Amino acid sequence: MDMHRFLLPPEQWSDAVLTGDEAKHLAQVLRIKSGAEITVFDGEGRRAPAVVGEASRKEVHLRIGESIHIPPPFPSITLLQAIPKGKNMELIVQKAVELGVAHIQPLITRNTVVQPGEGKADKWRRIALEACKQCGQDNLPDISDPLEFDAWLESSRDHGDLAVIASLAEGALPLPQVLQSNPKATSCSLLIGPEGDFTPQETAAAIDTGFRPATLGGIVLRVETATLYGLSALRYEFSR
């Protein structure tokens with residue numbers, strides 16, 4: 001049976017004390033008792049077995065065993081995601097964690113239907129943490145607050161060794177061909193539009209800053225499908 005996993009942030013590693021939601025989840029929800037064995041990870045690749053000591057809903061003291069460091073998935077992937085309708089962003093965050101993304105930047109584009117309310121990014125961060133626990137991922141991705149497309153493009157000019165925009169525009173090359181154009185890339189950015197795709201102006205602006213347009217095939221994909229297709233293709237291409 002797999003041991004329960006808990007996030008122990010790097011700054012709490014030396015004290016070996018779980019606090020906040022993680023302590024409450026261990027002590028009150030799971031009702032794990034003193035002497036039980038768990039796994040802790042710091043979200044930056046470090047993992048260790050631990051034995052539960054004195055526990056309350058506010059603090060859980062631990063005795064940490066020998067730690068190991070798990071390098072982040074290669075290459076480092078930044079997902080630039082136009083926020084889709086409904087709960088699809090939650091699905092995208094969960095699956096992106098499983099596929100080992102390093103950073104997620106939610107975007108509000110001209111055709112974005114949903115306007116994210118306050119606290120949405122915090123919810124996505126909680127979903128990312130739960131996904132890390134469930135799939136054994138020790139590197140917790142950074143999830144930024146949503147940004148307007150133009151503001152993001154203006155503030156961010158470094159998109160890594162390879163920047164790809166999924167595009168329906170004429171002249172876009174097949175995604176495998178685009179990925180194979182830079183086989184030594186160590187950092188990649190994947191830009192995915194909303195329902196209705198990016199506007200021609202947004203697509204042109206992204207291309208002007210170095211994004212290469214790539215088609216995902218002849219079938220028009222839903223947003224979440226396009227994202228998972230793109231991330232999976234990146235993982236496959238650079239893991240061979």
Side-chain angles (χ1 to χ4, degrees), residues 75-97 99 101-117 120-121 124 128 141-182 185 187-238:
S76 176
I77 297 175
T78 294
L79 172 62
L80 305 156
Q81 178 71 56
I83 302 169
K85 294 187 294 186
K87 294 187 176 181
N88 285 329
M89 189 66 181
E90 298 177 14
L91 173 68
I92 287 170
V93 168
Q94 182 188 65
K95 299 307 177 184
V97 169
L99 289 166
V101 302
H103 179 211
I104 301 174
Q105 173 62 71
L107 296 174
I108 302 167
T109 69
R110 192 69 58 84
N111 290 332
T112 297
V113 175
V114 176
Q115 297 298 312
K120 270 293 186 181
W124 296 330
D142 172 53
I143 301 180
S144 298
D145 292 332
L147 281 177
E148 297 280 349
F149 181 88
D150 291 341
W152 158 72
L153 205 57
E154 194 172 311
S155 64
S156 177
R157 292 291 174 176
D158 182 9
H159 304 299
D161 300 328
L162 179 62
V164 180
I165 175 174
S167 179
L168 301 173
E170 187 176 349
L173 297 174
L175 180 60
Q177 185 176 336
V178 174
L179 298 183
Q180 290 163 14
S181 69
N182 194 341
S187 56
C188 304
S189 292
L190 178 64
L191 179 55
I192 302 289
E195 297 86 357
D197 202 15
F198 294 109
T199 65
Q201 293 80 10
E202 288 169 334
T203 298
I207 292 172
D208 285 344
T209 60
F211 279 85
R212 301 189 59 184
T215 174
L216 305 185
I219 300 173
V220 178
L221 305 178
R222 292 173 61 95
V223 174
E224 65 274 22
T225 308
T227 300
L228 301 184
Y229 178 101
L231 292 176
S232 298
L234 273 166
R235 278 281 163 257
Y236 173 77
E237 182 62 37
F238 290 98

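The structure displayed is predicted, hence computed values, not measured ones.
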Visitor: Decide yes or no on side chain to side chain contact (heavy atoms under 4.5 Å, CB included) for Trp152 and Ile108, but give the supporting numbers first.
Guide: CA-CA 9 Å; Trp152 158 72; Ile108 302 167; over 6 Å; no
Visitor: Between CG of Leu79 and CG of Leu190, what distance do you get to the nearest 0.5 Å?
Guide: 6.0 Å
Visitor: Would you say that Arg212 contacts Ile165 through its side chain, given a criterion of any heavy-atom pair below 4.5 Å between the two side chains?
Guide: no
Visitor: What's the separation between atom CZ in Arg235 and atom CG in Leu99, rounded to the nearest 0.5 Å?
Guide: 7.5 Å
Visitor: Supply the atom-to-atom distance Asn182 CG to Leu162 CG, rounded to the nearest 0.5 angstrom.
Guide: 5.5 Å
Visitor: Are Pro84 and Ile92 packed together at the side-chain level, in the sense that at least one heavy-atom pair is separated by less than 4.5 angstrom?
Guide: yes
Visitor: Is there side-chain contact between Asn111 and Phe149, with at least one heavy-atom pair below 4.5 Å?
Guide: no
Visitor: So, Asp142 side chain and Ile104 main chain: donor-acceptor pair closer than 3.5 Å or not?
Guide: no
Visitor: Atom OG1 in Thr225, atom CG in Leu216: separation rounded to 0.5 Å?
Guide: 10.0 Å
Visitor: For the pair Arg110 (side chain) and Glu202 (backbone), establish whether a donor and an acceptor sit closer than 3.5 Å, ignoring hydrogens and angles.
Guide: no
Visitor: Decide yes or no for Ser189 and Phe211: does some side-chain heavy atom of the first lie under 4.5 Å from some side-chain heavy atom of the second?
Guide: yes
Visitor: Tell me, yes or no, whether the heavy-atom count around Glu154 atom CD, taken from other residues, nucleotides or ligands under 6.0 Å, exceeds 12.
Guide: no
Visitor: Minimum heavy-atom separation for Pro213 and Ile207, please, with both atom names.
Guide: CG-CD1, 4.0 Å
Visitor: For residues Thr227 and Gln81, determine if any side-chain heavy atom of one lies less than 4.5 Å from a side-chain heavy atom of the other.
Guide: yes
Visitor: Any side-chain to backbone donor/acceptor pair from Gln94 onto Leu91? Under 3.5 Å, distance only.
Guide: no
Visitor: Is there a side-chain contact between Val164 and Leu175 in this structure, where contact means two heavy atoms from C-beta onward sitting under 4.5 Å apart?
Guide: yes
Visitor: Does any non-hydrogen side-chain atom of Ile83 lie less than 4.5 Å from one of Gln115?
Guide: no
Visitor: If I compare all heavy atoms of Leu153 with all of Ala206, which pair ends up nearest, and what's the gap?
Guide: CD2-N, 4.0 Å
Visitor: Nearest 0.5 Å, please: how far is CG in Leu179 from OH in Tyr236?
Guide: 11.5 Å
Visitor: Which atoms form the tightest heavy-atom contact between Val114 and Gly86, and what is the distance?
Guide: CG2-N, 4.2 Å
Visitor: Looking at every non-hydrogen atom in both residues, tell me the closest pair between Pro75 and Ala185 and how far apart they are.
Guide: CB-O, 3.8 Å
Visitor: Tell me, do Tyr229 and Ile192 make a side-chain contact under 4.5 Å, heavy atoms counted?
Guide: no
Visitor: Tell me whether Glu170 at atom CD has more than 12 heavy atoms from other residues, nucleotides or ligands lying less than 6.0 Å away.
Guide: no
Visitor: Would you say Gln105's side chain and Asp145's backbone share a donor-acceptor pair under 3.5 angstrom?
Guide: yes
Visitor: Determine whether Thr78 and Val101 satisfy the following criterion, side chain to side chain contact (heavy atoms under 4.5 Å, CB included), listing intermediate values before the conclusion.
Guide: CA-CA 6 Å; Thr78 294; Val101 302; over 6 Å; no
Visitor: Quick check against the 3.5 Å criterion: does Glu195 have a side-chain atom that pairs as donor or acceptor with the backbone of Thr112?
Guide: no
Visitor: Sub-3.5 Å donor-acceptor pair from the side chain of Ser181 to the main-chain atoms of Val178, do we have one?
Guide: yes
Visitor: Can you give me the closest heavy-atom contact between Lys95 and Leu228, atom names plus distance?
Guide: CB-CD2, 3.3 Å
Visitor: Regarding Ser144 and His103, is there a side-chain donor-to-acceptor distance under 3.5 Å anywhere?
Guide: yes
Visitor: Just by distance, do the side chain of Glu90 and the backbone of Trp124 share a donor-acceptor pair under 3.5 Å?
Guide: no
Visitor: Okay, side chain of Ser155, backbone of Ala151: is any donor-acceptor separation there less than 3.5 Å?
Guide: yes
Visitor: Measure the spacing between SG of Cys188 and CD of Glu237 and express it to the nearest 0.5 Å.
Guide: 10.0 Å
Visitor: Considering all heavy atoms of both residues, which atom of Gly160 and which atom of Ser187 are nearest to each other, and what is their separation?
Guide: CA-OG, 3.2 Å
